[in-house]
Amino acid sequence: MKYMFNEIEPKWQKIWEETGAHKTVDDPAADRSKNYYCLDMFPYPSGEGLHVGHWRGYVLSDVWSRYMKMKGYNILHPMGWDAFGLPAENAAIKKGLHPKENIGRSIANMKRQLHDIGAMYDWDREINTSSPEYYKYTQWMFLKFMERGLAYRKEAPINWCTSCKTGLANEEVVDGVCERCGSEVVKKMLPQWFFKITDYAERLLDDLEGLDWPERVRLMQANWIGKSKGAEVIFKIKGHPDELKIFTTRPDTLFGATYMVLAPEHPLVEKITAPECREAVMEYIDNTLKTSDLARMASEREKTGAKTGAYAINPVNGEEIPIWISDYVLITYGTGAIMAVPAHDTRDFEFAQKFGIPIIEVIKPPENCETEECYAGEGTMINSGKYNGMSSSDFWKEIVKDLGSRGLAEEKVNFRIHDWLVSRQRYWGAPVPMVHCEKCGIVPVPESDLPVMLPHVDRYQPTGTGESPLAAIPEFVNTTCPVCGEKARRDTDTISQWICSSWYYLRYVSPEYDEGPADKEAVRRWLPVDQYVGGVEHAVLHLLYSRFFTKVLYDMGYVNFKEPFTRLFNQGMIYRMGSKMAKSKGNIVNPDELVSKYGRDSLRAYELFIGPPEQDSEWDDRGIEGVYRWLRRVYLFFMQNNFPKNIDEPLLVRGLLHRYIKKITDDIERFHFNTVVSGLMELFNGLQELYDKEPGCISHKSAEGYILLMAPVAPHLAEELWNKVGHDTSVFKARWPEYDPELLAQENITVVVQVNGKLKARLSVPSGSSEEEIKAMALNDENIRPVLDGKDIRRVIYIPGKLVNIVL
RNA sequence: GCGGAAGUGGCGGAAUUGGCAGACGCGCUAGAUUCAGGAUCUAGUGGGCUAAGCCCAUUGGGGGUUCGAGUCCCCCCUUCCGCACCA
């Protein structure tokens, strides 16, 4: 008899399909607590297909979904395609195919691969963000954001990817290069659409608190939002009507300000620069503009700068202090200008040293504190006039209040996050549903006219002009104004795919619904997502945007929850030959080959067994052999033996089973899927050993127990065996087994005996034994007595059910 | 520089609370089977010895707490990840 996984697996997949086994049970009367929504981050269709790294997350979310199904929940476990936008379009261009055609092919291939996983996806709910039925509501979202004053168009210096030839959001620029293609990102002035994510910065930060998410992701989002509390302070400029407003988190160091710095791009630079400094300032600005953002951000750089020849007046003491420009001050943060306190800020310290600017200490560190040349902590005020002796933290409040009363300062919270650039100068996306009318300005397309269809074109390549390819299609561009009816032009930008994916989780609950993005009743039954599974690379992209969208939808009254994903799990990546799998590195492991060689269940089990699911793991080509052998042996064992219903099963067998029901259940609950698999192996090894000693000793009930436990991991084989032991319905209609605590209590337990902390003996004792009995047994044990011979026993430590330690 | 995670056999890794270190698997060694290879099965797989037993070492390094530390505390080293002139 052979383990014919290639017959078993397709057979059960066919049966699942025919019986609608994976169709979501959506009972309108069902209580929310009976429904469970487990979502995978959906992929973009690439044509290269999935590799074993992609499988990992899908397998573990499927194991979890199947387990929850066996626990009695109605499961929503959908899949779809992030088919609009840069990733999908770039993939198509690379292949020289029209995006629509390429995406169709890629989806077919990836869907075949996803079927191989044997996941319980409900394909009736499949969504595709590039279908008009879907993007109609992406555009609807855009209109709603517009209505609420959260969308605006503005000419601004934006991030422009030189290779993708489009504007990018800040979140898409990583280390100065495009997150997608790795090409250089430059600044370009262009009118662009933005969403006011900054209005939600505070809430996005505050609500991180209650999320059952990996610490790492919450931290990354908190850093990205970057809240800092400080004050804005106004400095007058000597001999000049303009005022200089700066942001500082350290108003307590105002007396130590010995110079000011403006970002080179600051609008005041032009006005205040003295004639004799003009040449040097202009040259400096020129150089700054030539320096890439990437180079400018390198923190190890030596400080540079130029004097403007102008002076500011320190509002606390009337001192005149010189105004400099330097690229270490960023125009994009705060007011683009700072007061510099070299005594208490390392950056200012460096700058002051280089340019010979005075350094005045105003905060004395506490006594016991090791003094450095530049102390940035709290302390006692010195050199601060009448405030000397005050604690710096009290003075902080005091001086803001004092200056505030003269209109020169106010407390202010600053965020690092900026508004979200959402328009793309690319073809493959949902057109921005706006019309430009000479008379009426920017006018939204009426909801009833949605979707604004993306026209089919032959030339879809990006233009690089700052306009999308849509601008070259008169039939698309020319329209009439929805307000006045005069001739008007459509907006030709497309919507970033991050918007498509910001609300997709909502669509799955009612994918056919056509009176809005989702049926509110279905939303109430299924949302928010109970468990979300995906890679950590979306920490400050998709996950942040989705949260923002959800809060806006909540404010609109469209959804009744403030956070979309209650629980998040980030699976680790799979490496091979020391690096992340990528076609360019030639280290891809193709699941298709493994499926045909070892079968779907083996690959599923190995994806879990490879290591802790949240950690990165190195792929071992031979590792899958081990799980394959296990499944093969399980198959042969169950097929070649019979498990009678009415036998007097030894306690050893049942005790073993129940111990592992507990262990495996606990491990699944903790997402320790690697030890779920090793636990299943251990249990099988144990059962087989007992069976070898006493053939026929395993009851029908216990055999079923094993099949149930392995079902989430190896669903095809479990169905086959479930059928073999006499069931004609799916194993996933059965309930997850529960362990019997009393049975565990009846087992003998092993108590370890140590002498001075070193293992000397093991006792097998009935679990009900008393402390006295066990201690006595330990002291009288034949391995222990000789060791104790003639020595004084100082102490005997007993840990119930575990160990006796005899201290000499 | 700041923040986070991690460091355990030849390899992947296990060890909820401080209580048998190395489960499970890969690989390797020997044997069985086989014409042979592969596959499969059985046994072994930290070191030492006067070798069925006993002893010793051992969780990146050093110190500490404890009857007892991979696990807790302090110092140091290494790797990975995130942030990085954000005032």
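Each chain gets a letter, A, B and so on, in the order its sequence line appears, and its residues count up from 1.
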Peer 1: Taking the P atom in each of B:rG7 and B:rU16, what is the distance between them to the nearest angstrom?
Peer 2: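 My reading of the P atoms in B:rG7 and B:rU16 gives 13 Å.
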Peer 1: When you measure from the centre of the six-membered ring of A:Trp224, is the NZ or CZ of A:Arg416 closer than 6.0 Å and no more than 45° off the axis?
Peer 2: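 Yes; both conditions hold, so A:Arg416 lies above the ring face of A:Trp224.
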Peer 1: The side chain of A:Leu330 lies closest to which of these nucleotides: B:rG19, B:rA87, B:rC20?
Peer 2: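 Of the candidates, B:rA87 comes closest.
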Peer 1: Taking atom P in both B:rC28 and B:rG22, what distance in whole Å separates the two?
Peer 2: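 It comes out at 24 Å once rounded to the nearest Å.
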Peer 1: For A:Arg250 and B:rC85, what is the distance between atoms CZ and P respectively, to the nearest whole Å?
Peer 2: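 In whole Å, B:rC85 P lies 19 Å from A:Arg250 CZ.
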Peer 1: Relative to the ring of A:Tyr259, is the ring of A:Trp324 parallel (under 30°), tilted (30 to 60°) or perpendicular (over 60°)?
Peer 2: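 The rings of A:Trp324 and A:Tyr259 stand perpendicular, inter-plane angle above 60°.
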Peer 1: Would you mind telling me which residue lines up with the more 5' stretch of RNA chain B, A:Asp667 or A:Gly626, judged by nearest nucleotide?
Peer 2: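 Looking at the nearest nucleotide for each, A:Asp667 comes out on the 5' side.
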Peer 1: What contact category does A:Gln754 fall into here, base, sugar-phosphate, or nothing, at under 4.0 angstrom with non-hydrogen atoms?
Peer 2: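 Base contact.
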Peer 1: If pairs are Watson-Crick or G-U with both distances under 3.5 Å, what is the dot-bracket string of RNA chain B, marking crossing pairs with [ ] and pairs to another strand with |?
Peer 2: (((((((..(((......[....)))((((((.......))))))((((...))))...(((((..]....))))))))))))....
Peer 1: Considering every strand and a 4.0 Å limit on heavy-atom distances, what is the contact class for A:Arg218: base, sugar-phosphate, or nothing?
Peer 2: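 Result for A:Arg218 = nothing.
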Peer 1: Using whole Å, what does the distance between atom C1' of nucleotide B:rC67 and atom NZ of A:Lys775 come to?
Peer 2: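 Taking atom C1' of B:rC67 as the reference, NZ of A:Lys775 is at 12 Å.
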Peer 1: Suppose you measure atom P in B:rC80 against the same atom in B:rG70; what distance do you get, rounded to whole Å?
Peer 2: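 Rounded to whole Å, the distance is 27 Å.
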Peer 1: Looking only at the side chain of A:Asp620 (C-beta and beyond, no hydrogens), which of the listed nucleotides B:rC26, B:rU16, B:rA23 gets closest?
Peer 2: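 Closest nucleotide to the A:Asp620 side chain: B:rC26.
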Peer 1: Decide, for B:rG9, between syn and anti: a glycosidic angle within 90° of 0 counts as syn, anything else as anti.
Peer 2: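 With its glycosidic angle within 90° of zero, B:rG9 counts as syn.
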Peer 1: Quantified in whole Å, what is the P atom distance between nucleotide B:rC49 and nucleotide B:rU42?
Peer 2: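 Those two atoms are separated by 32 Å.
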Peer 1: Remember a base hit wins even if backbone is also touched, and classify A:Leu803 as base, sugar-phosphate or nothing at under 4.0 Å, heavy atoms.
Peer 2: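 Answer is base: heavy atoms of A:Leu803 come under 4.0 Å of a base.
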Peer 1: Regarding A:Lys229 and A:Glu411, does a basic nitrogen lie under 4.0 Å from an acidic carboxylate oxygen?
Peer 2: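 Answer for the salt bridge query: no.
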Peer 1: Which nucleotide, B:rA14, B:rG12, B:rC20, lies nearest any side-chain atom of A:Pro612?
Peer 2: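 Shortest atom-to-atom distance from the side chain points to B:rA14.
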Peer 1: According to a strict under-4.0 Å criterion, is A:Arg416 in side-chain N/O contact with OP1 or OP2 of B:rA84?
Peer 2: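 Yes, within the criterion.
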Peer 1: When the distance from CG of A:Asp616 to P of B:rG7 is rounded to whole Å, what number comes out?
Peer 2: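 Roughly 14 Å, once rounded to whole Å.
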Peer 1: Run the salt-bridge test on A:Glu593 and A:Lys597 with the 4.0 Å N-O cut-off and return the result as yes or no.
Peer 2: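 Salt bridge absent between A:Glu593 and A:Lys597.
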Peer 1: Between A:Val807 and A:Gly336, which has a closest nucleotide on RNA chain B that is more 5'?
Peer 2: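 Checking each residue's closest nucleotide, the 5'-ward one belongs to A:Val807.
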Peer 1: Quick check for you: among B:rG68, B:rA15, B:rC41, whose closest atom lies nearest to any side-chain atom of A:Asn805?
Peer 2: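 Selected nucleotide: B:rG68.
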Peer 1: Taking the side chain of A:Glu682 as its heavy atoms from C-beta onward, which of B:rU40, B:rA87, B:rA23 lies nearest to it?
Peer 2: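 Taking heavy atoms from C-beta onward, the closest nucleotide is B:rA23.
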Peer 1: Could you check whether A:Asn674 gets within reach of a base, just the sugar-phosphate, or nothing at all, counting any heavy atom under 4.0 Å?
Peer 2: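 Sugar-phosphate only.
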Peer 1: Would A:Arg670 and A:Thr675 count as having a side-chain donor-acceptor pair, cut-off 3.5 Å?
Peer 2: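 Looking only at side-chain atoms, A:Thr675 and A:Arg670 do not form any donor-acceptor pair under 3.5 Å.
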Peer 1: Rounded to the nearest angstrom, tell me the gap between atom CZ in A:Phe609 and atom C1' in B:rG13.
Peer 2: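 Rounded to whole Å, this separation is 8 Å.
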Peer 1: Using a heavy-atom cut-off of 4.0 Å across all strands, would you classify A:Val329 as base, sugar-phosphate, or nothing?
Peer 2: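 The residue A:Val329 makes base contact.
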Peer 1: If you look at every strand shown and take non-hydrogen atoms under 4.0 Å, does A:Ser228 touch a base, only sugar-phosphate, or nothing?
Peer 2: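 Sugar-phosphate only.
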Peer 1: For B:rG12, does OP1 or OP2 lie under 4.0 Å from any side-chain N or O of A:Arg576?
Peer 2: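 No.
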Peer 1: Could you check whether A:Asn414 gets within reach of a base, just the sugar-phosphate, or nothing at all, counting any heavy atom under 4.0 Å?
Peer 2: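 The residue A:Asn414 makes no contact with any strand.
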Peer 1: Looking at A:Arg629, does any N or O in its side chain come under 4.0 Å of the phosphate oxygens OP1/OP2 on B:rC26?
Peer 2: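 For A:Arg629, the contact criterion (side-chain N or O under 4.0 Å from OP1 or OP2 of B:rC26) is met.
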Peer 1: For A:His538 and B:rG82, give me the distance from atom NE2 to atom C1', rounded to whole Å.
Peer 2: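 Whole-Å distance recorded here is 16 Å.
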Peer 1: Roughly how many Å apart are B:rG68 and B:rG19, using the C1' atom of each and rounding to a whole number?
Peer 2: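 That atom pair is separated by 7 Å.
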Peer 1: Salt bridge check: are A:Glu350 and A:Lys354 linked by an N-O gap of less than 4.0 Å?
Peer 2: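 Looking at A:Lys354 together with A:Glu350, the answer is no, because their closest N to O distance does not fall below 4.0 Å.
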Peer 1: Can you tell which of B:rC85, B:rG25, B:rG82 lies closest to the side chain of A:Asp327?
Peer 2: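 Ranking B:rC85, B:rG25, B:rG82 by closest atom to the A:Asp327 side chain puts B:rC85 first.
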Peer 1: Mind checking the C1' distance from B:rC26 to B:rU45? Whole angstroms is fine.
Peer 2: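 Nearest-Å result for B:rC26 against B:rU45 at atom C1': 13 Å.
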Peer 1: To the nearest Å, give me how far apart OH (A:Tyr575) and P (B:rG13) are.
Peer 2: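 These atoms are roughly 13 Å apart.
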Peer 1: Kindly write out the residues that satisfy side chain to side chain donor-acceptor pair (under 3.5 Å) with A:Glu179, not counting sequence neighbours, or none if the list is empty.
Peer 2: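 Not a single residue meets the side chain to side chain donor-acceptor pair (under 3.5 Å) criterion with A:Glu179.
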Peer 1: Can you tell me, in whole Å, how much space there is between the P of B:rC11 and that of B:rU50?
Peer 2: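 Result for the P pair: 29 Å, nearest Å.
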Peer 1: How would you label the contact of A:Lys760 with the nucleic acid (heavy atoms, under 4.0 Å): base, sugar-phosphate, or nothing?
Peer 2: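 It contacts sugar-phosphate atoms only.
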Peer 1: Should the ring pair A:Phe569 and A:Phe671 be called parallel, tilted or perpendicular, given that the plane angle runs from 0 to 90° and is split at 30 and 60?
Peer 2: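 Tilted, since the angle between the ring planes falls between 30° and 60°.
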Peer 1: Provide, to the nearest angstrom, the distance between the CD atom belonging to A:Gln353 and the P atom belonging to B:rC85.
Peer 2: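 Atom-to-atom, A:Gln353 to B:rC85, this comes out as 20 Å.
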Peer 1: Angle between ring planes, A:Phe255 versus A:Phe395, binned at 30° and 60°: parallel, tilted or perpendicular?
Peer 2: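 Judged by the thresholds at 30° and 60°, the geometry between A:Phe255 and A:Phe395 is tilted.
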Peer 1: Over 60° means perpendicular and under 30° means parallel, so classify the ring planes of A:Phe609 and A:Tyr606, tilted if in between.
Peer 2: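 Ring orientation of A:Tyr606 relative to A:Phe609: tilted.
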Peer 1: In terms of side-chain heavy atoms of A:His672, which of B:rG27, B:rC24, B:rA15 is nearest?
Peer 2: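 Comparing B:rG27, B:rC24, B:rA15 against the side chain of A:His672, the answer is B:rA15.
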Peer 1: So, does the side chain of A:Asn223 form a donor-acceptor pair with the base of B:rC83 at under 3.5 Å?
Peer 2: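 When only heavy-atom distances are counted, A:Asn223 does not reach the base of B:rC83 through any donor-acceptor pair under 3.5 Å.
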Peer 1: Between A:Arg216 and B:rA5, is there a side-chain N or O to OP1/OP2 distance below 4.0 Å?
Peer 2: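 No.
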Peer 1: Ignoring hydrogens and angles, state whether a donor on the side chain of A:Ser228 or A:Tyr333 is under 3.5 Å from an acceptor on the partner side chain.
Peer 2: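 Yes, because at least one side-chain N or O of A:Ser228 sits under 3.5 Å from a partner of the opposite role on A:Tyr333.
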Peer 1: Can you tell me the distance, in whole Å, between the CG atom of A:Leu683 and the P atom of B:rA23?
Peer 2: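 To the nearest whole Å, that distance equals 18 Å.
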Peer 1: Looking across every strand, which nucleic acid part, if any, lies under 4.0 Å from A:Leu219 by heavy atom: base, sugar-phosphate, or nothing?
Peer 2: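 A:Leu219: backbone/sugar contact only, no base atoms under 4.0 Å.
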Peer 1: Taking atom P in both B:rG12 and B:rA23, what distance in whole Å separates the two?
Peer 2: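 One P to the other, the span is 15 Å.
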